[in-house]
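What follows is a single structure, written as structure tokens, with notes after it.
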2 protein chains.
Amino acid sequence: MPLPQTEAPGRLQSELMSRGLRMTHQRRTILTVVETAKQHLDAAQILRQARRLDPGIDRVTVYRTLSLLKRHGLIDELDLMHMQGEKHFYERRPQRDHIHMACLRCGKIAEFESDLFDRLKGQIQRECRFHIVVSRLEVGGYCAECRASN
Amino acid sequence: MPLPQTEAPGRLQSELMSRGLRMTHQRRTILTVVETAKQHLDAAQILRQARRLDPGIDRVTVYRTLSLLKRHGLIDELDLMHMQGEKHFYERRPQRDHIHMACLRCGKIAEFESDLFDRLKGQIQRECRFHIVVSRLEVGGYCAECRASN
DNA sequence: CTTAAGTTGAAACCCAGTTGCAATAGATTA
DNA sequence: TAATCTATTGCAACTGGGTTTCAACTTAAG
Ligand SMILES: [Mn+2]
Ligand SMILES: [Mn+2]
Ligand SMILES: [Zn+2]
Ligand SMILES: [Zn+2]
């Protein structure tokens, strides 16, 4: 069952519309999936979720929409240490960047915001005269639980 | 022409041998390539270089050796923002971690060591009780030259 | 030298992501 | 509202980076 077009646009959607991009039914669906995701989703998961709202949607449209969102800086692409396969994960770009920690034993992903991280980016921009558009800090290791139960 | 086996072993090589791993001719060749690389190389580049020393070497052996080195923490795997294709790049793990900056316009890769980065990792280990095994900070943006000539 | 386990190359395979193209659907204009 | 123009879509074929399988071959130990 297609989404009603009366649906209130989310932030991603209004962001794209304000940039003069065509708002298609498929895009609206994919944006909704990304916007309401509770964890980091890969392209296949996004496709599956999107198909529950609009069964006709094709995976190529998911990939195209993800690149569009990436190009516009509205989502971030993550590797999450490529713990199984080479796929990438996506999340709405947050107001403030965060770090991703991937446990190499249990696979759990944790997030962490840090003032030190913000300062580090500031240092890079100043000392390297490098204008940062996107940044990704991912660490792999062992979480507290996995270290305990060992 | 195969490398003479009298060749003095590099750090990677002696590290692997000290861990009781079999030192084959192919591994020696690949280790030499990685060890003497002047830039970040992807698997295909490593294969090409290795074949110049030992033409019979197969790409599957390159991939297997790279995973071996990764598993032993002797090399780091980088995305470098996946600026063309989905390939990965490799470098010998340095004594001190560094940050990679990829210019989205000219493609240049710069490296940067920072005390703030070391402190940030310390903070993560302490405050998140997360034992870091590997860390990767990559930023994409615009280098000084590209910002000037625009 | 013999032996046993680890490693190799070749070929087939896998999977995430991309490309080409004709049909379709947004947005704009009249 | 209808015509128009152009961006977007779905499908199918394709690409590229990396992996699996397995028989033949090395390596290191004894
Ligand atoms: Mn990657
Ligand atoms: Mn996140
Ligand atoms: Zn864990
Ligand atoms: Zn540049």
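Protein chains get the first letters and strands the later ones, always in sequence-line order, with residue 1 at the start of each. What you see below is based on every heavy atom in this structure, not just the backbone, and it leaves out hydrogens, waters and symmetry mates.
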Do R48(A) and Q45(A) have side-chain atoms, one donor and one acceptor, less than 3.5 Å apart?
-> no
Sequence neighbours left out, what passes ring-ring contact (aromatic ring centres under 6.0 Å, His included) with H72(A)? Give chain and number order.
-> none
Would you say Y63(A) reaches dG17(C)'s phosphate, i.e. side-chain N/O to OP1/OP2 under 4.0 Å?
-> yes
Listed in order of residue number, which residues of residues 71-85 of chain A have a non-hydrogen atom at under 4.0 Å from DNA chain D?
-> none
Measure the distance from CZ on R59(A) to P on dG17(C) and round it to the nearest whole Å.
-> 9 Å
Which residue, D76(B), D42(B), D79(B), forms the side-chain contact (heavy atoms from CB on, under 4.5 Å) with F89(B)?
-> D42(B)
Contact class for A44(A) vs. all strands (heavy atom < 4.0 Å): base, sugar-phosphate, or nothing?
-> nothing
Contacts of E77(B) that satisfy side chain to side chain contact (heavy atoms under 4.5 Å, CB included) - sequence neighbours left out = K70(B), H88(B), Y90(B), R136(B)
With sequence neighbours excluded, residues passing salt bridge (charged side-chain N to carboxylate O under 4.0 Å, His left out) with R27(B) = none
Can you sort out the partners of E127(A) under side chain to side chain contact (heavy atoms under 4.5 Å, CB included), two or more places apart, ordered by chain and number?
-> Q123(A), F112(B)
Please determine, by modelled atom types, if H82(A) and E138(A) share a side-chain donor-acceptor pair under 3.5 angstrom.
-> no
Please figure out whether T65(A) or E86(B) has its closest DNA chain D nucleotide nearer the 5' end.
-> T65(A)
Starting from the first five and the last five pairs of the helix from dC1(C)-dG30(D) to dA30(C)-dT1(D), work out the angle between the resulting helix axes, to 10 degrees.
-> 40°
If you measure only the distance, is there a donor-acceptor pair under 3.5 Å linking the side chains of E91(B) and H98(B)?
-> yes
When you list every nucleotide of DNA chain D with an atom under 4.0 Å from a heavy atom of chain B, which one comes first 5' to 3', and which comes last?
-> dG17(D) to dA28(D)
Contact nearer the 5' end of DNA chain D, comparing R51(A) with H88(B) = R51(A)
Qualifying residues under salt bridge (charged side-chain N to carboxylate O under 4.0 Å, His left out), relative to R119(B), sequence neighbours excluded | none
What pairs with E113(B) under salt bridge (charged side-chain N to carboxylate O under 4.0 Å, His left out), at least two apart in sequence or on another chain?
-> R96(B)
With K121(A), which residues qualify under side chain to side chain contact (heavy atoms under 4.5 Å, CB included), at least two apart?
-> D97(A), F117(A), D118(A), I132(A), S135(A)
Restricting both atoms to N or O, compile the protein contacts to nucleotides 4-7 of chain C shorter than 3.5 Å, with distance only.
{"from": "dA5(C)", "atom 1": "N3", "to": "R22(B)", "atom 2": "NH1", "distance (Å)": "3.3"}
{"from": "dA5(C)", "atom 1": "N3", "to": "R22(B)", "atom 2": "NH2", "distance (Å)": "3.3"}
{"from": "dG6(C)", "atom 1": "O4'", "to": "R22(B)", "atom 2": "NH1", "distance (Å)": "3.1"}
{"from": "dG6(C)", "atom 1": "O4'", "to": "R22(B)", "atom 2": "NH2", "distance (Å)": "3.2"}
{"from": "dT7(C)", "atom 1": "OP1", "to": "R27(B)", "atom 2": "NH1", "distance (Å)": "2.9"}
{"from": "dT7(C)", "atom 1": "OP1", "to": "R27(B)", "atom 2": "NH2", "distance (Å)": "3.1"}

Test L21(B) against L68(B) for side chain to side chain contact (heavy atoms under 4.5 Å, CB included), laying out the working first.
-> CA-CA 10 Å; L21(B) 285 154; L68(B) 181 76; 4.2 Å; yes
Rounded to the Å, how far apart are K87(B) NZ and dC15(C) C1'?
-> 18 Å
Show me the donor-acceptor pairs within less than 3.5 Å that the side chains of residues 57-66 of chain A make with the rest of the protein, sequence neighbours left out.
{"from": "D58(A)", "atom 1": "OD2", "to": "V60(A)", "atom 2": "N", "distance (Å)": "2.9"}
{"from": "T65(A)", "atom 1": "OG1", "to": "T61(A)", "atom 2": "O", "distance (Å)": "2.8"}

